[in-house]
Q: 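Dumping the structure here so I can ask a few things about it.
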Protein chains: 2
Amino acid sequence: MPEFENVLENREFQTLPSVSVDCVIFGYEGNLLKVLVRREYVPFEGNILIEWKLPGNHVRRNEQIDATASRILKEQTGLENIFMKQFMVFSDPDRLKRRERDYEWVKPRLQDDRVLTVGFYSLVNIHDVDNSKLLEEAKWENAYEIRELMFDHNDIFNEALKKLRYDLLHEPLIFELLPEKFTLTQMQKVYEAIFDTTYDKRNFRRKVNKMPYLIQTDELQSGVSHKPARYYTFDREIYENTRSERFDFRM
Amino acid sequence: MPEFENVLENREFQTLPSVSVDCVIFGYEGNLLKVLVRREYVPFEGNILIEWKLPGNHVRRNEQIDATASRILKEQTGLENIFMKQFMVFSDPDRLKRRERDYEWVKPRLQDDRVLTVGFYSLVNIHDVDNSKLLEEAKWENAYEIRELMFDHNDIFNEALKKLRYDLLHEPLIFELLPEKFTLTQMQKVYEAIFDTTYDKRNFRRKVNKMPYLIQTDELQSGVSHKPARYYTFDREIYENTRSERFDFRM
DNA sequence: ATAAAAATGTGTTTTTTTTACACTAAGTAC
DNA sequence: GTACTTAGTGTAAAAAAAACACATTTTTAT
C-alpha cells in the first residue's frame, strides 16, 4: 500500500508539505488511446476497499516538480526521458468540496497539510514499456471507457485530455508517440486515437503534407505482407525555423 | 515597493514557499484590447531601476490558487467576481534559464524556494473599473504595443492571448466583456479587438446568428442620433443545453 | 507461375464555408 | 426637410473541406 508511506526521516526524502503531483499517463497501443490507473487499497471500517486512481505522489524536498512527475512515471512504467507536461494546478480544498460526501472518510488524511496538486500528462508508446516493470497495481485503461476513479480524478483526466488535444493542434506533440521513422498511416492512427474519430486517408495526407518539417525518406517498410509504406521523419530544426509561419493543424 | 514584503508572522498571511500566480488581466475599452501591467522598483547597484511586469503574487498558506488570482485582480483593479481562467503552469527554473543573463541580479531572490508559477487570465470591461481603486503603479497598456516586461512576462502574455483566442472560439467568453444587453455591433467590436482584425458586418451577423443562445430582445437603443440598434442577450441556460451540438464559432 | 490478400498511394467532384461587396432604413441634429 | 450617422440586409465568387474509388506493390498460398 504505497501512498500511505510515512515521511522518511532522511531529509532527502522529506516531502514539501503542500505540493503533490498527479499524472495522467496516456498510452498508445493497438490504435487505442489508454490511460494508466492504479489500484489503491483503502482501509475503511475494518475492511480494505479497492479503489482506482491516477498515479500521484508528494513532491520531495529539494525535488523539482518535473522530477516528481518523472519519478512517478518511472515507478509506474519503468520509462525515463519521456515527454511530460504540466497542464493544470489544483487546490485541494476545492477538490474536496466537490466530492466530500463520497470521501468523508479520507478527508482527515488529505487535509493534513496538502493543499496543492500539479497535474502532468505524458505520452507513452506502450510498445516501449517493459511490462515486467509495470507495477502490479497499475493497469492500462481504455481512455474512453474509464471506470470511476477516486476523488475528482475523472475530472482531472478530462482536463488532461482537453489540454492534450489543444497542445496537439499547436505543437508537434504527435511525434512523441511515433517512432523515429514512421508511415503516414501510423501517424493517422495516432491522431484518430487521440481525437476519437476517423479521417479520410487522402484528406489526412493532404493536410499533413503541408507541415514543412515532415520529411519523406527514401526508406520503405520491409517485412510486411503488402505494399510497403514509405517512412517519414520529423525534422525538429525545420520546425523551430518555420515556427513563425504558424501552422495550426486543425485535424 | 510591494512584492518585497517580508513574510508576515501571522500564519494566515504566510505564503506557500513555492507557488506564485501571475495574472494577464485583459481590459477592453474604446474598442481596444488592453492589458494591465505594473511598475516595479528594483534596487540595483545602489540605484532604483524602474521595470514593468505582469501583476503577480505568492499563494498564501491555506489560500486556493483561484483565490490568489482573484485577490491580485481585486488589488489591482478593485473588481470582484470577474471571470478568471488558469491557462498555464510553469516551473521557474525553466523560466530563469530562458533569460538568466538579463536578470542575473534578481536570480538569488527568485531562486530561494520558489519553483512554480500559475498563469491566469481574466477579462475586464474597463468601464466597470473605478479608476480611483486602480493602483498607482498599475497601467493599462495597449495589448498590441506592449513594452518589454521583466523576465519572460512578454512570453506569458503571448501565451495568454493565444489561449484567450482559442477559448473564445469554444466557449461563450465574449459575453464576459459585454453588458447584460448589447448590440451586435458592440459584440463585433469586442471580437475585433481581441483578434486584432476587422470583420464584415454582414458576414459577422450571419455567423453569430447561428448561436442559439444569442437572444434577440424587443428593446431598441434610445438616445442615439441614428437608427437605433436592437439589443440582444446571452441565454446561458440555452447554451448549457445545446453545448453538445458543439458550435465552434471560428471568427 | 499465378491468384488472392492486404495495405499503399493518388485526383476529382460535390458540398460547405468564407469572403467580398452596396444600398435602404430609422432616428437625431440643425 | 436636409444632412448625418449607424443599423440592417442578400447574392455571387472563391476557397476550403468532405466525400468518394481504384490501380499499385508487396507477400503468401496454391
Side-chain angles (χ1 to χ4, degrees), chain A residues 28-32 127 165 168-169 174 178-179 181-193 195-212 214-233 245-251, chain B residues 30-32 165-166 168-170 174 178-179 181-212 214-233 245-251:
Chain A
Y28 173 70
E29 181 181 46
N31 298 346
L32 291 175
H127 287 123
R165 288 176 175 175
L168 212 54
L169 300 180
I174 192 74
L178 289 166
K181 294 175 179 182
F182 51 87
T183 68
L184 294 186
T185 301
Q186 288 174 335
M187 188 174 174
Q188 181 176 342
K189 296 293 181 198
V190 179
Y191 271 111
E192 290 179 341
F195 286 95
D196 194 27
T197 184
T198 58
Y199 300 104
D200 176 90
K201 200 201 312 191
R202 281 168 289 191
N203 295 338
F204 179 84
R205 280 157 191 250
R206 195 183 354 263
K207 222 172 243 178
V208 299
N209 270 321
K210 288 181 194 153
M211 302 176 181
L214 183 68
I215 308 298
Q216 204 180 70
T217 72
D218 294 336
E219 259 180 277
L220 299 181
Q221 268 180 328
S222 66
V224 289
S225 72
H226 53 75
K227 175 172 177 180
R230 184 173 295 279
Y231 281 119
Y232 287 72
T233 59
E245 290 164 32
R246 283 280 247 88
F247 282 81
D248 274 8
F249 11 112
R250 296 182 186 158
M251 278 298 136
Chain B
N31 299 344
L32 291 174
R165 287 176 175 174
Y166 177 85
L168 211 53
L169 302 180
H170 301 269
I174 192 74
L178 289 166
K181 294 176 180 181
F182 51 86
T183 69
L184 295 186
T185 301
Q186 289 174 335
M187 188 173 173
Q188 182 176 341
K189 295 293 180 197
V190 179
Y191 272 111
E192 290 179 340
I194 295 179
F195 287 94
D196 194 26
T197 184
T198 57
Y199 300 105
D200 175 90
K201 201 202 311 191
R202 282 168 289 191
N203 295 337
F204 179 84
R205 280 158 192 251
R206 184 177 314 119
K207 223 172 241 181
V208 299
N209 271 320
K210 288 181 193 153
M211 302 174 182
L214 182 68
I215 308 298
Q216 205 180 68
T217 71
D218 295 335
E219 260 180 275
L220 300 181
Q221 267 181 328
S222 66
V224 289
S225 72
H226 54 76
K227 177 171 176 181
R230 184 173 296 279
Y231 282 118
Y232 287 73
T233 60
E245 291 165 32
R246 283 281 246 88
F247 282 82
D248 276 10
F249 12 111
R250 297 182 185 158
M251 283 296 137

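By convention in this document, chain letters (A, B, ...) are assigned in the order of the sequence lines, proteins followed by strands, and residues within each chain are numbered from 1.
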Q: Run the ring-ring contact (aromatic ring centres under 6.0 Å, His included) test against A:Tyr232 and tell me which residues pass, sequence neighbours left out.
A: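 ring-ring contact (aromatic ring centres under 6.0 Å, His included) list for A:Tyr232, sorted by chain: empty.
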Q: Tell me what A:Thr183 touches on the nucleic acid: a base, only sugar-phosphate, or nothing, going by heavy atoms under 4.0 Å.
A: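 A:Thr183: no heavy atom of the nucleic acid under 4.0 Å.
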Q: Output the rounded distance in Å from CZ (B:Phe204) to P (C:dT19).
A: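 It is 13 Å, rounded to the nearest whole Å.
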Q: Testing the basics here: between A:Ile174 and A:Leu168, what is the closest heavy-atom pair and its distance to 0.1 Å?
A: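 A:Ile174 and A:Leu168 have their closest heavy atoms at N-CD1, 3.5 Å.
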Q: Check side chain to side chain donor-acceptor pair (under 3.5 Å) between B:Arg202 and all other residues, then give those that pass, not counting sequence neighbours.
A: none
Q: B:Tyr199 has an atom OH; how far is it from atom P of C:dA20, in whole Å?
A: 13 Å
Q: So which protein N/O to nucleotides 11-13 of chain C N/O distances come out below 3.5 Å?
A:
| residue | atom | partner | partner atom | Å |
| --- | --- | --- | --- | --- |
| C:dG11 | O6 | A:Arg202 | NE | 3.4 |
| C:dG11 | N1 | A:Arg202 | NH1 | 3.4 |

Q: Quick one: what's the B/S/- string for nucleotides 25-30 of chain C, heavy-atom cutoff under 4.0 Å, read 5' to 3'?
A: BBBSS-
Q: Please enumerate all residues that pass side-chain contact (heavy atoms from CB on, under 4.5 Å) together with B:Thr185, with sequence neighbours excluded.
A: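 Counting only residues at least two positions away or on another chain, B:Thr185 forms a side-chain contact (heavy atoms from CB on, under 4.5 Å) with B:Thr183, B:Lys189, B:Arg205.
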Q: Starting from C1' on C:dA7, measure out to CD on A:Gln186 and report it in whole angstrom.
A: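 In whole Å, C:dA7 C1' lies 12 Å from A:Gln186 CD.
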Q: Report the distance from atom NZ of B:Lys201 to atom C1' of C:dC23, rounded to the nearest whole Å.
A: 11 Å
Q: State which residues pass side-chain contact (heavy atoms from CB on, under 4.5 Å) with A:Leu32; sequence neighbours excluded, sorted by chain then number.
A: A:Lys34, A:Asn142
Q: For A:Arg205 and D:dA18, what is the distance between atoms CZ and P respectively, to the nearest whole Å?
A: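 It works out to 18 Å between those atoms.
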Q: Rounded off to whole Å, could you give me the NZ-to-P distance for the B:Lys189 and D:dT6 pair?
A: 9 Å
Q: Using the side chain to side chain donor-acceptor pair (under 3.5 Å) criterion, which residues pair with B:Asn203? Sequence neighbours excluded.
A: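 Side chain to side chain donor-acceptor pair (under 3.5 Å) list for B:Asn203, sorted by chain: B:Arg206.
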Q: How would you label the contact of A:Arg230 with the nucleic acid (heavy atoms, under 4.0 Å): base, sugar-phosphate, or nothing?
A: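 Sugar-phosphate contact only.
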Q: Taking NZ from B:Lys207 and C1' from C:dT17, how many angstroms apart are they, rounded to a whole number?
A: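 Between C1' of C:dT17 and NZ of B:Lys207: 8 Å.
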Q: Please enumerate all residues that pass side chain to side chain donor-acceptor pair (under 3.5 Å) together with A:Asn209, with sequence neighbours excluded.
A: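 In terms of side chain to side chain donor-acceptor pair (under 3.5 Å), with neighbours along the sequence ignored, A:Asn209 is linked to no residue.
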Q: Please output the side-chain donor-acceptor pairs of residues 217-224 of chain A that fall under 3.5 Å, not counting sequence neighbours, one pair per line with the distance.
A:
| residue | atom | partner | partner atom | Å |
| --- | --- | --- | --- | --- |
| A:Thr217 | OG1 | A:Glu219 | N | 3.1 |
| A:Thr217 | OG1 | A:Tyr231 | O | 2.8 |
| A:Glu219 | OE1 | A:Lys181 | NZ | 2.3 |
| A:Gln221 | OE1 | A:Ala229 | N | 3.0 |

Q: Between D:dG8 atom P and B:Gln216 atom CD, what is the distance in whole Å?
A: 8 Å
Q: Using only atom types and a distance under 3.5 Å, with no angle test, would you say the side chain of A:Gln188 pairs donor to acceptor with the backbone of A:Tyr199?
A: yes
